[in-house]
Asks: 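Structure below; questions to follow.
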Amino acid sequence: MKEVHASSPHSCGSGQKARKRLKAPRPSSAEDGCQSGFLPLAQGPQSQPTALERCVRERTAELQQTNARLQREIEKLRESEERLNLAADAAGVGLWSLNLGTGCFWLTGKTRELFSLPADEALTLERFLALIHPEDRELVRETILTVARSRQEGQVEYRAVQPDGSLRWMLSRGRVRCGTAAQPDCLMGVTLDITERKQRAEALERIRWLHAETEKIGKVGGWTFDIDTGQQTWTEETYRIHEQDLSHQPTVEEGFNFYAPDSRPVFQRVVRRAIEQGEPYDVELEIITAKGNRRTVHAIGKPDLEHRRVYGFFQDISEAKRASEALRQSEEHYRLLFEKMHSGIIVLEVILDPAGNAVDHRLVQANTEFEAQTGLRRSEELGKTSAELSFQWPDDVRKQYYQVALGAPAIHWERFNESLQRFFDVRVFSPHPGQFAVLFHDISARKQAEEALRSSEERLDLAFRGAQDGVWDWNMETDEVFYSLPWKTMLGYDESEIEPHIRAWKRLLHPDDLPRAIQAVNDVLAGTRDYVIECRMRHKDGHYVDVLSRGFPVRRGDRLVRLVGTHFDLTERKLAEQANRNADAFMVAVFNSIPGLLYLYTEDGRLVRWNRQHEEMTGYTPEELLNFPIQDWFAPEEQAKLSKEFSKVFTEGQTMVEMNLRLKNGERVPYSFTGTKVMIDGKPHLVGIGIDISKRRLEEEQVRQLSQAVEQSPVLVVITDTEGKITYVNRKFAELTGYDSSEVIGQNPRLLKSGENSPAFYRDLWATIVLGRTWHGEFHNRKKNGELYWERAVIAPVMDQTGKITHFVAIKEDITEHKRDEEELRASQALQRQAELEVVELRNNLLHMARVNTLGTLSGSLAHELNQPLGIILCNAEAAQSLLAQQPPDLAEVLDILKDIVAADQRAGEVIERLRSLLKQGRISLQQLSVNEVVNDMLRLLHTDLIARGVSALPELVPDLPLVAGDRVQLQQVLLNLILNAAEAMAGNAPGARRLHIQTIFREGRVCVSVRDEGKGLPRNLERLFQPFYTTKSQGLGMGLAICRSIIDAHHGRLWAEPHPEVGAVFRFELPVADSPDQP
Amino acid sequence: MRTPTGIVYLLDDEPEMVKALTRLLRAKGFAVRGFTSVRAFLEGGPLQDTACLVLDVAMPELNGLELQQRLTHQGILIPVIFLTGHGDIPMSVRAMKAGALDFLTKPVEAAKLVKAVCSALQTAENQRQRNAETAAWAARLATLTSREREVMEHVVSGQLNKQIAAALGTGEQNIKLHRVHLMKKLGAGSLAELVRIADRLGVEASPTPKF
């Protein structure tokens, strides 16, 4: 309040505060208002003296009124001032005025507050300036003076020092007020605190700077684009990214053209969308800078359609892109390497305990080869620790690996992994501190091979050392030969005395053995045979050492590179053999006396020992027999049997077999062989004896022939034992009776009884035969089907050598037909009976003619020869019957018929006669006979047979030959054989070329018969033809000619064969002429 | 038993046998001609239509089986009865396969022979009749028009008139007419008979069209 009093209206214009420099002369309405408010107050009227009382009183009253009014005015002013101060205070603005005359300030409370001045302290200009920061003090002083002089407004910003030392920014503004003399008397103004504003501006400046710097560092350039004008604004960095001068004003076209051609469409699209739809974009694009460099930018744009602009930034990511691409490629490269390498690789990290010691590991990586090499699954192993993994290392190995992970040098070794049971080549290194990588590959196979090789070498070495054999090794490539010390010492040489060349071997080899040895070497080189020979090598002292040399080739691929072998000294063995030989002498004598073949075969079938009979019987020399292959003894068709029996010896111990031995001359002889397995020198051998069974075979064959004849014969044959039990029936029996042989064997022939024969009949039968006599008779028997039949039987006992009856033989014939026919034709009956008798006779013959089996051959012809006249008779007889039944009967014709019947009957009789003579049994009985007759008989008998064979007989018989002494049957037999042989020899000829020439001549007191065929000729060895069982026919027996010769021999004649000069063979026999025609 | 007409040829290399057989067969009422060699038989002029041959298997020049083959080869289908002194199974099989009617073993019973000869002559007669019938049919077949022949080929393949008409491109009514005509011309009373005639004459059935 004092201040207010003191500042009377007159002093109102005096400045209390700092002078101000006028900056912008702008009138302030607030100051105007203030000014006008002060002015009426400043001019108040003065009171008048008393003398003039009335006047005075009046005046006084006036004055009092005026005073009151003034008082009110003052009161108003005070209110106004107060209001102003309050408003200024509320706005934070301090008011002041500076009296230019006194240099004192008038201040409002707010102003004091701003400067932290006490309320009672008067403020002078000097004191005010002292409150200002020294750097700003002159500026403030200057500004006050300028404002005071120019009478214009001015303002200044400065820092005021607060009592606590802090600075505050102030803004003061003021202007001059002029007094009555139009002289400036005071400065008036306001002051406000701008510290906060100043601070904000500074912060803003700092941010701006930071922005520019970070933009530069991050290579991020900002831009805006005005949609309507196309104007663009770039930040500095944007210019840099584009490598464009800062002064350049980019155009719209440039905005697009900066982009690389392939990026432009993308950019256009996103920008269009941004402008049209307000969509922000964020893309990676390529730009080409003003200098032509290509860069990759990350462009982000955001439309602000309200302000019709798009803004955003570029970030140059070229380097980052390049770097990331390079990194990616590098990673890819390593990853591929890791995956594709041919070794397994695993990376493990070690696990440390709190004290920093490695205690465990964990698998972090493994490549595919790891799976291949270990058979484990990567996916199942990754991330697992040592205890969980499928493969483990022993603790000491593990520790070493951990050391590698922690900085120790890398490890390379080959190890056997117990848990995987395989050998690995292992390299361990640390790809990264705290990790170790194990690079491994499986070498089990190589290890095994190495192991096998090592052991095989050791074995060989040991074997050689143990055997004391001499070893030689011929290297074909260098042509050097390594001879071991034993090889040399065996021959009495020192280590250095033999040159390492094949020459040395050749030189020391016995000259006689050289070709054989060279052949053996060639054979082994050709791969045809193993190299094993026994040879003689010359000892240093001149004698020869028997050596067993073995060798085997070593090939590399197809090429033969070495021949390696041994020498074994056979001297001791040879000596031992010699000793054995002596001891064997006795045994040999025994062997050689055995009447059969004695042999010893090795397991592979080579003959190694035999007796002398073996040589004699087979016709081979000892040289040929040694190592003779067993299979070469036998014909191809017997090989299967041979190999079966041969192997049976070695599997079952022994065997016995009958086979045909082939002699050196090609002949085959039936033998019975035995074979027993024996062990000789620890090796299985076959030892056995072979016995010639030709004789037995012959007998068996004869028996077979006979039985066949019986079996095939057209009559029934029944053999019983002495009890009457049937032991044999032939086929005809089965055919006729309907009983199979199996049904009747063991039965009594009474099975066939019809009851038609009386008991006395059978008694007579038995009475006859048990006395050893032959019984003849007819049975009326019953067939299986119940039919009755007649049979004529001859029953004879069979006795053994002692005369004891062993069997009864019944020869029976079905005579049912004949019985029936008897009534019809007497003549025929007579013939039948005779024929029957002859047949029985023939049967008897057969039984006794064990050596002569011609019935089979003749049966066809026989039947025809007999059937023909029989057929004629039958036809004629039946014709006669028919004729006689006619009315009237043609008796002339019947008479003619009867003549023909008689003729046919005679003819049949002749046939029978010839047969009978041929088949007559008995001792040789020499008679005088005509050879031509015998020949003709035979040709007639064989007529049908020869026709059937397509053979034409061309006999040239010299008539009136002298008679010879001979047995008709036997000579017929000889002719029969020769003719049939000739016919058979021509079976392969064309039908027109089967001519049989039979000649008889008389020469040098002998009758000579020749039988010639036009067949394939004779074998070279003619004599063999006459040996028993020699045959060229597939079904022949080989007996015919042998028998013929024995017959002719018995006639003191000669039988031989010779080839015909043109074609075929000629068989001739000659017989001596009978001494006297009268001699029986 | 009625003795069939026809002639029995006899061929055996033995004159006595030929004589005896001739007598026997004549006595039984057959007409017989006997020969003692193949040549004589072959040169004996043409054979009668209804005839059979009694032939001995074993003969010097040409055996019976070979003669039979030669006859067959020449198209002379005369029934053959073989006689043999010693027949074996393979020989009889061969003969029967070649068309022999019987295979008799000497001495042959009159009854068997007569039976065989009767049967052979009957066969020959049947064959003759059949040939005559075929010839008659063939003559009738020749009288058919080509259209009737076509229709016949379709009919015997079992086609319906409608199918035939479609195949020949004409009306069903026409086919019916042709059918009546051809049946009449051939003397066929039924379709079955027509098929038999076609079969005998070797008229090929026209294949049935596939739908």
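What you see is a predicted model; the values in this text were computed from it and never measured. All chains are named by letter (A, B, ...) in the order of the sequence lines, taking the proteins before the strands, and each is independently numbered beginning at 1.
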Asks: With the side chain counted from C-beta on, respond yes when Val114(B) and Glu878(A) share a heavy-atom pair under 4.5 Å apart, and no when they do not.
Replies: no
Asks: Got a sec: does the CZ of Arg70(B) have more than 12 other heavy atoms crowding it under 6.0 Å?
Replies: no
Asks: Rounded to the nearest 0.5 Å, what separation is found between the CG atom of Leu24(B) and the CD1 atom of Ile872(A)?
Replies: 12.5 Å
Asks: Minimum heavy-atom separation for Asp13(B) to Ile947(A), with atom names?
Replies: OD2-CD1, 4.5 Å
Asks: In terms of heavy-atom proximity below 4.5 Å to chain B, should Asp900(A) be classed as side chain, backbone, both, or neither?
Replies: side chain
Asks: Cys875(A) and Arg23(B): side chain to side chain contact (heavy atoms under 4.5 Å, CB included), yes or no, with the steps?
Replies: CA-CA 8 Å; Cys875(A) 282; Arg23(B) 271 187 191 127; over 6 Å; no
Asks: Is chain B contacted by the side chain of Asp890(A), its backbone, both, or neither, given a heavy-atom distance below 4.5 Å?
Replies: neither
Asks: When rounded to the nearest 0.5 angstrom, what distance separates CD in Glu16(B) from CD1 in Ile901(A)?
Replies: 13.0 Å
Asks: Write down the atom of Ala27(B), the atom of Ala879(A), and the distance for their closest heavy-atom approach.
Replies: CB-O, 3.9 Å
Asks: Decide yes or no for Lys19(B) and Asp896(A): does some side-chain heavy atom of the first lie under 4.5 Å from some side-chain heavy atom of the second?
Replies: yes
Asks: Salt bridge (Lys or Arg N to Asp or Glu O under 4.0 Å) between Glu14(B) and Arg907(A): does it pass, once the steps are laid out?
Replies: CA-CA 13 Å; Glu14(B) 279 199 62; Arg907(A) 179 177 155 198; 2.5 Å; yes
